[in-house]
Chemist: 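Sending over a structure as structure tokens; questions will come in a sec.
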There are 2 protein chains.
Amino acid sequence: MLYKNNLENMLFEKGLSKTVKKGTILQREGDTQLKSFAVTKGLLRSYIIDAKGKEHIFMFAPEDWIVGDLYGKALKQPTRLFIDALEDSEILEINPEVEITNELALKGLEKAIRRAAMLQNRVLMLMSATAWERYQYFIEIYPDLYNRVPQKMIASYLGITPQALSRIRGEWARSKK
Amino acid sequence: MLYKNNLENMLFEKGLSKTVKKGTILQREGDTQLKSFAVTKGLLRSYIIDAKGKEHIFMFAPEDWIVGDLYGKALKQPTRLFIDALEDSEILEINPEVEITNELALKGLEKAIRRAAMLQNRVLMLMSATAWERYQYFIEIYPDLYNRVPQKMIASYLGITPQALSRIRGEWARSKK
DNA sequence: CCTATGCATTCACCTAGGTTAACAAATACA
DNA sequence: TGTATTTGTTAACCTAGGTGAATGCATAGG
């Protein structure tokens, strides 16, 4: 595969276009050697498991998305995030060895700000939106995913139970007739 | 005032160390000319007002913090965030004219990633923590703020009502005796 | 000094969403 | 193909936290 430009050429390990089977775990909680992945085909997700053993999906990464633990990276701490494949996928591992030159930084800065922006929005959403509004939001962000991942995972992403999501969808279908 | 290093020297408008009175609104929803502020003394906050007219505090910015709307900046959109002063404060406005050179980007990248990391953590917290756990978290992040801002603002930051916070604090005091 | 406004607390409710469980449908797998 | 596991749905209950209102205190401004 050929890369679009020099930036990507440098950031990704050439030739490391891995194919991973559905269910493969690429990173687990506690890992210290943090990895980031760019998805070229398929679907990854990252999630945490809380103190009560419950899974919370932090993000989905379909084609053209990047997953990784910025928090662990910034603070040089072991990660809390698991990353696994929800579908057979084709991914590029981001090269951890590449030195961040000034030139790379400028391009990376834009991406980092964009990522922060997305997160800011998600925080505002989580603070003020009802379950139903969150569902709408999910559909906006991932328009092609709502019939591609199981409902219980959507629920986990929204921070509600699968039953609540089912209830909401039922009410919606009924009200709209 | 003297700046610590060249980066700050460039980023902040020299001589623009403004003093603002408690209550001053520095930015409002809908503003298109987005501003960021570094707080050298006092306390700012940023918040949104949702569809139902309810205030949600997005962040506090005591001494040495920076506030601004990354989301609006990244997407070149009018902001949803208000920024105002909770105390008489001394602030530096970040120069919007400064051109981001490669060298600046490298230093900015670290800050941006750190900001994203903080937000990532907040998202995980909002998805999995109870009101009480959030309160603990608030105290960790802003140890000097919990008797400096009114409870109702802490509640707004946590995403709960002042009554709920009062109830929780009451139970805690009682249980611990 | 008096009055007004804002804040914290408490109480009696209400409600969105969680929990548990049963069952049906879909999917995986042997 | 048949069996087992995973999913989605529904329903009966439970609970954390919201709402609204009353009360007491503190602070601000005249």
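Below, read A as the first sequence line, B as the second, and so on, with proteins coming before strands; counting in each chain starts at 1. Computed from a prediction, not measured in an experiment: that's the story for all the values here. FYI, side chains are in, hydrogens and waters are out, and symmetry mates aren't considered; it's all heavy atoms of this structure.
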Chemist: Is it the case that more than 12 heavy atoms not belonging to B/Arg148 sit under 6.0 Å from its CZ atom?
Modeler: yes
Chemist: Nearest whole angstrom, please: distance from the P of C/dG17 to the CZ of A/Arg169.
Modeler: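 Whole-Å distance recorded here is 16 Å.
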Chemist: For the side chain of A/Lys22, starting at C-beta, report the closest nucleotide among C/dC7, D/dT7, C/dA28.
Modeler: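 Comparing C/dC7, D/dT7, C/dA28 against the side chain of A/Lys22, the answer is C/dA28.
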Chemist: With nearest nucleotides of DNA chain C determined for B/Lys152 and B/Ala164 from heavy-atom distances, which residue corresponds to the more 5′ nucleotide?
Modeler: B/Lys152
Chemist: Can you check the B/Glu55 CD to C/dG6 C1' distance for me, whole Å?
Modeler: 14 Å
Chemist: Treating B/Asp31 as the side-chain partner and B/Arg28 as the backbone partner, does any N or O pair qualify as donor plus acceptor under 3.5 Å?
Modeler: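 Present.
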Chemist: Is it the case that the ring center of A/Tyr142 lies less than 6.0 angstrom away from the ring center of A/Phe138?
Modeler: yes
Chemist: Which of the following nucleotides, C/dT10, C/dG17, D/dT9, is nearest to the side chain of A/Ser166?
Modeler: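 Closest nucleotide to the A/Ser166 side chain: D/dT9.
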Chemist: Expressed as a whole number of angstroms, how long is the span from A/Tyr146:OH to D/dG8:P?
Modeler: 14 Å
Chemist: If the test is side-chain contact (heavy atoms from CB on, under 4.5 Å), which one of B/Val149, B/Leu145, B/Leu86, B/Leu44 qualifies with B/Pro62?
Modeler: B/Leu145
Chemist: Could you check whether B/Arg122 makes a cation-pi contact with B/Tyr157, meaning its NZ or CZ is under 6.0 Å from the centre of the six-membered ring and within 45° of the ring axis?
Modeler: yes
Chemist: Quick one: B/Asp50 CG to D/dG18 P, roughly how many Å, whole number?
Modeler: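 In whole Å, D/dG18 P lies 13 Å from B/Asp50 CG.
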Chemist: Is B/Arg167 side chain donor-acceptor paired with the D/dG18 base, going by distance under 3.5 Å alone?
Modeler: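 Indeed there is one.
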Chemist: Return the nearest nucleotide to the side chain of A/Thr161; candidates are C/dG17, C/dT19, D/dG17.
Modeler: C/dT19
Chemist: In whole angstrom, what separates A/Trp172's CH2 from C/dG17's C1'?
Modeler: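 Roughly 21 Å, once rounded to whole Å.
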Chemist: Whole-Å distance between D/dT9 C1' and A/Glu171 CD?
Modeler: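 Result: 13 Å.
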Chemist: Under 4.0 Å, counting only non-hydrogen atoms across every strand here, what does B/Gly159 touch: a base, just sugar-phosphate, or nothing?
Modeler: sugar-phosphate
Chemist: Round to the nearest Å and state the distance from A/Leu126 atom CG to C/dA16 atom P.
Modeler: 19 Å
Chemist: Could a donor-acceptor pair under 3.5 angstrom be found where the side chain of B/Gln163 meets the base of D/dT19?
Modeler: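 Absent.
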Chemist: Over how many whole Å does the gap from A/Ile154 atom CD1 to D/dT6 atom C1' extend?
Modeler: 16 Å
